[in-house]
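One structure is given here, and the rest of the page talks about it.
Both backbone and side-chain heavy atoms feed into the values below; hydrogens, waters and symmetry mates do not.
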Amino acid sequence: MSSTRKKSISQKNVERERTENRTLNRVYYVFLLGLAAECWLFLTYRIWAGSALSTGLKWFTALQVLMWLGLAALVLGAAGAYLKRQDRKLRRIFVWAACVGAFFAVSGFIITFFPPGVNTGVAVMCTLVPIAAVLALVYLLYQHECALNTVALAGTMFSVWLRGASAASERWGILVMAGCIAAAAVLGAVIFLTSKAQKDEGKLWKIRVFSVECDYRVVYAVLAAAAVLLLLVAFVPAIAYYLMWVLGVLLFAELVYYTTKLM
């Protein structure tokens with residue numbers, strides 16, 4: 001009896017060690033991908049800033065071509081991952097293809113269409129890549145509900161800053177205002193889906209999205225607070241600076257809360 005119990009305990013330890021090793025490998029891959037993305041952006045900036053006008057225009061065209069190729073890889077990779085979701089190896093290949101395609105699609109669009117030029121687009125991407133890498137690490141190392149709350153608060157913080165920065169612009173002020181309202185509506189839809197997952201013990205369409213020990217009160221509170229702050233800054237952009245501090249405190253408190261739950 002005792003030998004069987006010891007065997008089960010050792011099996012659990014082996015499974016836990018395998019899970020931890022897989023997580024660490026994914027963290028390592030995310031770090032390498034983030035580093036590779038930053039190197040690509042640095043290369044793009046150097047070619048654009050340090051070459052002749054004709055070479056820069058050719059590189060500009062190449063970025064646009066890569067944008068469309070990346071969009072095609074994103075669509076095909078996502079479709080392939082869904083159709084081959086039962087085949088683990090093929091699914092992984094399609095997911096990687098979709099992720100690489102998403103990077104080239106998003107970076108190509110921002111770099112080539114972000115006003116007033118390529119330098120501004122590269123600067124924006126150099127900021128977004130580390131943020132995306134940190135959010136990916138939060139998803140891998142923390143509970144899924146922590147990742148959802150972190151994305152919601154980080155996105156809200158960016159939207160609040162953008163609304164305050166564009167308040168005096170006749171061109172971008174209305175667009176950013178509409179974007180904040182749309183983001184609040186998206187958070188409302190996420191709250192609805194969260195309630196649906198809660199009724200099925202953390203599963204949504206038979207896919208586990210929240211841990212069994214998830215405290216849904218925290219999730220609802222964070223999502224509702226983010227939606228309210230988005231609506232508030234959409235109509236009163238003058239308070240954007242103060243809302244940034246509020247969101248910073250909420251983000252710190254939320255991460256501390258989920259960190260203590262991991263201990």
Give, for atom CZ of R91 and atom CD1 of I93, the distance between the pair rounded to the nearest 0.5 Å. 12.0 Å
Whether F210 and Y216 hold their rings parallel, tilted or perpendicular, with breakpoints at 30° and 60°: perpendicular
Under 4.5 Å between side-chain heavy atoms, counting indirect links through other Ile/Leu/Val/Met/Phe/Trp/Tyr residues: same cluster for F104 and W68 or not? yes
List the atom of A227, the atom of A184, and the distance in Å for their closest heavy-atom pair. O-CB, 3.8 Å
Within the structure provided, determine whether Y139 and V151 are in side-chain contact (heavy-atom separation under 4.5 Å). no
When every non-hydrogen atom of V30 is compared with those of A133, the smallest separation belongs to CG1-O, 3.9 Å
Same apolar cluster: L229 and V218, side chain cutoff 4.5 Å: yes
Y257 and L141: same hydrophobic cluster, using ILVMFWY side-chain contacts below 4.5 Å? yes
Give me the ring orientation class for W161 and F158: parallel if the planes are under 30° apart, tilted from 30 to 60°, perpendicular past 60°. tilted
How about R92: does its CZ atom have over 12 heavy atoms from other parts shown lying under 6.0 Å from it? no
Could you check whether any side-chain heavy atom of L33 comes within less than 4.5 Å of a side-chain heavy atom of W96, counting everything from C-beta outward? yes
Any chance OH of Y29 has more than 12 other-residue heavy atoms, nucleotides or ligands included, within less than 6.0 Å? no
Let me confirm one number: the CG-SG distance from L74 to C99, rounded to the nearest 0.5 Å. 8.5 Å
For E145 versus S211, what's the shortest heavy-atom pair and its separation? OE2-OG, 2.6 Å
What are the two closest heavy atoms between L76 and F94, and how far apart are they? O-CD2, 4.2 Å
Return the CE to OG1 distance between M244 and T156, rounded to the nearest 0.5 Å. 11.0 Å
OH of Y28 to CZ of F31, rounded to nearest 0.5 Å, is 8.5 Å
Interatomic distance, M125 atom CE to E38 atom CD [nearest 0.5 angstrom]: 8.5 Å
Rounded to the nearest 0.5 Å, what separates atom CZ in F103 from atom CE in M67? 14.0 Å
Tell me, with the steps shown, if V138 and C146 meet side-chain contact (heavy atoms from CB on, under 4.5 Å). CA-CA 8 Å; V138 171; C146 175; 4.1 Å; yes
Side chain to side chain, C214 and Q143, heavy atoms closer than 4.5 Å: no
Check whether any side-chain heavy atom of M177 lies under 4.5 Å from a side-chain heavy atom of F235, and answer yes or no. yes
Among V190, N149, I191, whose side-chain contact (heavy atoms from CB on, under 4.5 Å) with V219 holds? N149
Full working for side-chain contact (heavy atoms from CB on, under 4.5 Å) between K203 and V209: CA-CA 6 Å; K203 294 182 179 180; V209 292; over 6 Å; no
Does any part of the side chain of I110, heavy atoms only, come nearer than 4.5 Å to the side chain of L128, both counted from C-beta? yes
Among L250, L153, T260, T150, which residue meets the side-chain contact (heavy atoms from CB on, under 4.5 Å) test with L255? T150
Heavy atoms of other groups near L193 CG, more than 12 under 6.0 Å: yes
Can you list the steps and then say if L71 with F109 is a side-chain contact (heavy atoms from CB on, under 4.5 Å)? CA-CA 10 Å; L71 182 60; F109 176 78; over 6 Å; no
Is there a side-chain contact between L230 and I181 (heavy atoms, below 4.5 Å)? no
Applying the 4.5 Å side-chain criterion to the ILVMFWY set and letting contacts propagate, would L148 and Y220 be lumped into a single cluster? yes
Tightest non-hydrogen contact, residues A234 and R163, listed as O-NH2, 3.0 Å
When you compare the side chain of L231 with that of C180, does any pair of heavy atoms fall below 4.5 Å? no
Could you tell me which non-hydrogen atom of G70 sits nearest to which non-hydrogen atom of A105, and how far apart they are? C-CB, 3.9 Å
Any donor-acceptor pair under 3.5 Å linking the side chain of D200 with the backbone of G202? no
Under a single-linkage definition using a 4.5 Å side-chain heavy-atom cutoff for Ile, Leu, Val, Met, Phe, Trp and Tyr, are L247 and L135 assigned to the same hydrophobic cluster? no
A quick test of your reading: do over 12 heavy atoms of other residues, nucleotides or ligands sit less than 6.0 Å from CZ of F252? no
